[in-house]
A.B. asks: 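Mind looking over this structure? Questions follow.
One-based numbering along the sequence shown. Atoms within each ligand, like the ligands themselves, are counted from 1 in listed order.
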Amino acid sequence: MIYKNYINGVWLDASKGNTFKNIDPAHTDKVISEFQDSDEVDINFAVEVAHNAFKFWKNTPAPKRGEIMFKAAAILERDKECIAKGMTQEMGKTLAETRGDVQEAIDMAYYAAGEGRRMAGEVVPSELENKWCMSKKEPIGVIGAITPWNFPIAIPSWKAFPALVAGNTMVIKPAEDTPWSVCKLAEVFHEAGLPAGVFNVVTGYGTTAGFPLITNPKVKMISFTGSTATGKIVSTTCASYMKPFSLEMGGKNGIVVMEDADIDLAVEGVVWGAFGTTGQRCTATSRVLVHIDIHDEFIEKLVAKTEKLKLGCGLNSEIDVGPLINEKALKKVRGYVTDATHRGLRPLVGGYEIESPNDDVNGWFYQPTIFDNVDINDTLMQEEIFGPVVAVTTFNNTNEAIWMVNNTGYGLSSALYTQDVNLAFRFLNEAETGMVYVNASTIGAEIQLPFGGIKGTGNGHRDAGSSMIDNCTENKSCMVDYSGKVQKAQIDNVS
Ligand code: UN1
């Protein structure tokens, strides 16, 4: 099957007629489908269409826009299973996880749809008599979204639903590894009755399709989630065009396990956080800091649980861990592990790739891997690997633990396992991350809270939650003077 670009409500071939293949990472000899290998011509056309649709969509009453979003939410709900299965095929994570991914999109859709009847501005008093002061939210225009492959429909939904309900139009360039899920989202919007041109999908590669989206002057904002390396390109390019942009990038998320923690619970949290989604979440647990007194028991249990994880095709309900997304990802993980062994580190478990963990599959599988006694400044503790590799070390006291968990250039997520309520609140205060968990893993954010991070993770914006509308609107301050005379703010009160 060959999928097309979705532009102006119709499915179109890329202008040059080239396509690229979408491969199942658990069956790498299997081409699932083909997608348009688009370039600047296709992007510019989609942007023009979105630009032309903006005026009409902006002037459509927000409650009406919200009604279309509610319909889209219901269609996503109806099609959840079908989308989840297709997503497991193109992305690799288990069906339970892809169902969760679609559910996140459904939750976001309902949550954002309600904004159609909310989206409050503010009314504030004036310092002058008979003058009215208020602010309202205004859409920005065409928003260019560049989205990653690890949450193929959830993250596009975090960006699309708030932006559209707020009156923006959108051109989205999904990751080349998972374009199918975003084409499904376009089908959903189409069926829900979204007017032509409001939401457009152009598939392709970053340099040929993503870059022209950033540089097109009619794109008024870029919303990006992906790697730090690409985020830097987005950042410098947008800056040179004086274009607003929001970035959501990497993480190096730590779990701190105190000596009073429920050890079994903490072990479960680490296994889920480190090896769920094959470690391919920006919120994944990639560093674990354990109190020295409980280290041996913790490690023994962690290794035992990790050894039991079953690798294979995510469509099989017995499987815990799917493949990595592509060969490049496998090489990256392999590189980090090989380099670590050259530094004298030895994995307690894992540390090798395995093409066919069972007869049904052949793909980019990597055995879940644990390194112990890793220095806090070691590469394994500092760089984002984006695979099933976790580094463990010990600490002696609380101050050291908090220092260690913050000793990274990233600031997305962190977690603490303890029974001490005072320490829990201290941690919420002192953890230098956008998201902090107590007695829960570093993954699993809910859409009704802002999602994002500080330091090297983001640039001050948040998807989802209460900040989602702010992220894609401008505030307009509106003043009406009904005194019938010239009133001068500030200066006329000085006698
Ligand atoms: C990501 O890894 O880019 O909090 C997003 C979580 C998920 C979203 C992760 N709800 O782990």
Side-chain angles (χ1 to χ4, degrees), residues 84 87 91-94 96-112 145-162 172 174-175 177-178 181-182 223-231 234 246-255 268-287 321-322 324-325 329 384-390 410-415 431 433-438 440-454 456-459 461-465 467-468 471:
M87 190 191 294
M91 191 272 168
K93 63 187 174 184
T94 64
E97 290 195 42
T98 51
R99 285 183 187 129
D101 194 312
V102 185
Q103 188 56 47
E104 213 165 316
I106 296 167
D107 296 340
M108 190 68 220
Y110 279 121
Y111 182 68
I146 299 177
T147 54
W149 47 262
N150 64 338
F151 277 79
I153 206 163
I155 293 179
S157 296
W158 296 356
K159 298 186 186 302
F161 281 96
I172 183 165
D177 285 300
T178 56
S181 299
V182 174
S223 181
F224 170 81
T225 299
S227 71
T228 302
T230 308
V234 173
S246 77
L247 301 178
E248 194 52 59
M249 301 173 290
K252 194 68 194 170
N253 316 292
I255 288 185
E268 260 187 73
V270 171
V271 170
W272 173 225
F275 306 129
T277 327
T278 322
Q280 302 172 111
R281 293 196 193 205
C282 53
T283 51
T285 308
S286 54
R287 51 214 306 264
V321 181
L324 289 161
I325 187 70
E384 188 180 46
I385 300 171
F386 228 65
V389 180
V390 70
Y410 292 106
L412 183 54
S413 184
S414 59
T433 53
M435 288 172 300
V436 195
Y437 294 86
V438 174
S441 192
T442 55
I443 67 174
E446 301 181 33
I447 59 91
Q448 63 276 24
L449 282 172
F451 181 97
I454 60 173
T457 295
N459 67 332
H461 294 265
R462 295 287 187 274
D463 282 327
S467 48
M468 68 179 180
N471 213 14

A.B. asks: Side chains of Ser246 and Lys159 only: does a donor on one sit below 3.5 Å from an acceptor on the other?
C.D. replies: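 There is no such pair (donor and acceptor under 3.5 Å, judged by atom type) between the side chains of Ser246 and Lys159.
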A.B. asks: Does Glu104 have any salt bridge (charged side-chain N to carboxylate O under 4.0 Å, His left out) partners at least two apart in sequence or in another chain, and if so, which?
C.D. replies: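 Per chain and number, Glu104 pairs via salt bridge (charged side-chain N to carboxylate O under 4.0 Å, His left out) with no residue.
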A.B. asks: Could you tell me which atoms of ligand 1, counted from 1 in the order shown, lie closer than 4.0 angstrom to a heavy atom of Ile155?
C.D. replies: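 Answer for ligand 1: 3 (O).
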A.B. asks: Side chain or backbone, does Arg281 bring an N or O within less than 3.5 Å of an N or O on ligand 1?
C.D. replies: yes
A.B. asks: Applying a strict 4.0 Å limit to heavy atoms, is Thr225 in contact with ligand 1?
C.D. replies: no
A.B. asks: If the cut-off is 4.0 Å to any non-hydrogen atom of Ile443, which atoms of ligand 1 fall inside it?
C.D. replies: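 Listed by number with element, the hits are 11 (O).
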A.B. asks: Can an N or O of Tyr437 be found at a distance shorter than 3.5 Å from an N or O of ligand 1?
C.D. replies: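 The answer is no, given that Tyr437 and ligand 1 share no N or O pair closer than 3.5 Å.
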A.B. asks: Are Arg281 and Trp272 in a cation-pi contact, defined as NZ or CZ under 6.0 Å from the six-membered ring centre and within 45° of the axis?
C.D. replies: yes
A.B. asks: Give a yes-or-no answer on whether the side chains of Thr442 and Ser413 include a donor-acceptor pair shorter than 3.5 Å.
C.D. replies: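 Short answer, no.
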A.B. asks: Mind checking what makes side-chain hydrogen bond (donor to acceptor under 3.5 Å, both in side chains) contact with Tyr111, not counting sequence neighbours?
C.D. replies: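 Per chain and number, Tyr111 pairs via side-chain hydrogen bond (donor to acceptor under 3.5 Å, both in side chains) with no residue.
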A.B. asks: If you measure from each non-hydrogen atom of Glu104 to ligand 1, which part falls under 4.0 Å: side chain, backbone, both or neither?
C.D. replies: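 Under 4.0 Å from ligand 1, Glu104 contributes side-chain atoms alone.
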A.B. asks: Heavy-atom distance to atom 4 (O) of ligand 1: which of Gly276, Ala154, Ala445, Gly273 wins?
C.D. replies: Ala445
A.B. asks: Hey, which atoms in ligand 1 end up nearer than 4.0 Å to a heavy atom of Thr283?
C.D. replies: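 Listed by number with element, the hits are 2 (O), 4 (O), 6 (C), 9 (C), 11 (O).
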A.B. asks: Do Gln280 and ligand 1 have an N or O pair less than 3.5 Å apart?
C.D. replies: no
A.B. asks: Backbone, side chain, both or neither: what part of Thr277 comes under 4.0 angstrom of ligand 1, heavy atoms only?
C.D. replies: neither
A.B. asks: Show your working on side-chain contact (heavy atoms from CB on, under 4.5 Å) between Ser223 and Ile146 and close with a plain yes or no.
C.D. replies: CA-CA 6 Å; Ser223 181; Ile146 299 177; over 6 Å; no
A.B. asks: So is Gly444 polar-close to ligand 1, meaning N/O to N/O under 3.5 Å?
C.D. replies: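 Min N/O separation from ligand 1 is below 3.5 Å for Gly444.
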A.B. asks: With no hydrogens and no angle check, just 3.5 Å: does a side-chain donor-acceptor pair link Ser227 and Thr230?
C.D. replies: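 Per modelled atom types, Ser227 and Thr230 side chains form a pair under 3.5 Å.
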A.B. asks: N/O to N/O below 3.5 Å, does that happen between Cys282 and ligand 1?
C.D. replies: yes
A.B. asks: Which residue and non-hydrogen atom of the protein lie closest to atom 9 (C) of ligand 1, and at what distance in Å?
C.D. replies: Phe151 CE1, 3.5 Å
A.B. asks: On the six-membered ring of Phe151, is Lys93 placed so that its NZ or CZ lies under 6.0 angstrom from the centre and within 45° of the ring axis?
C.D. replies: yes
A.B. asks: Anything under 30° is parallel, anything over 60° is perpendicular, the rest tilted; go ahead and classify Trp149 against Phe386.
C.D. replies: perpendicular
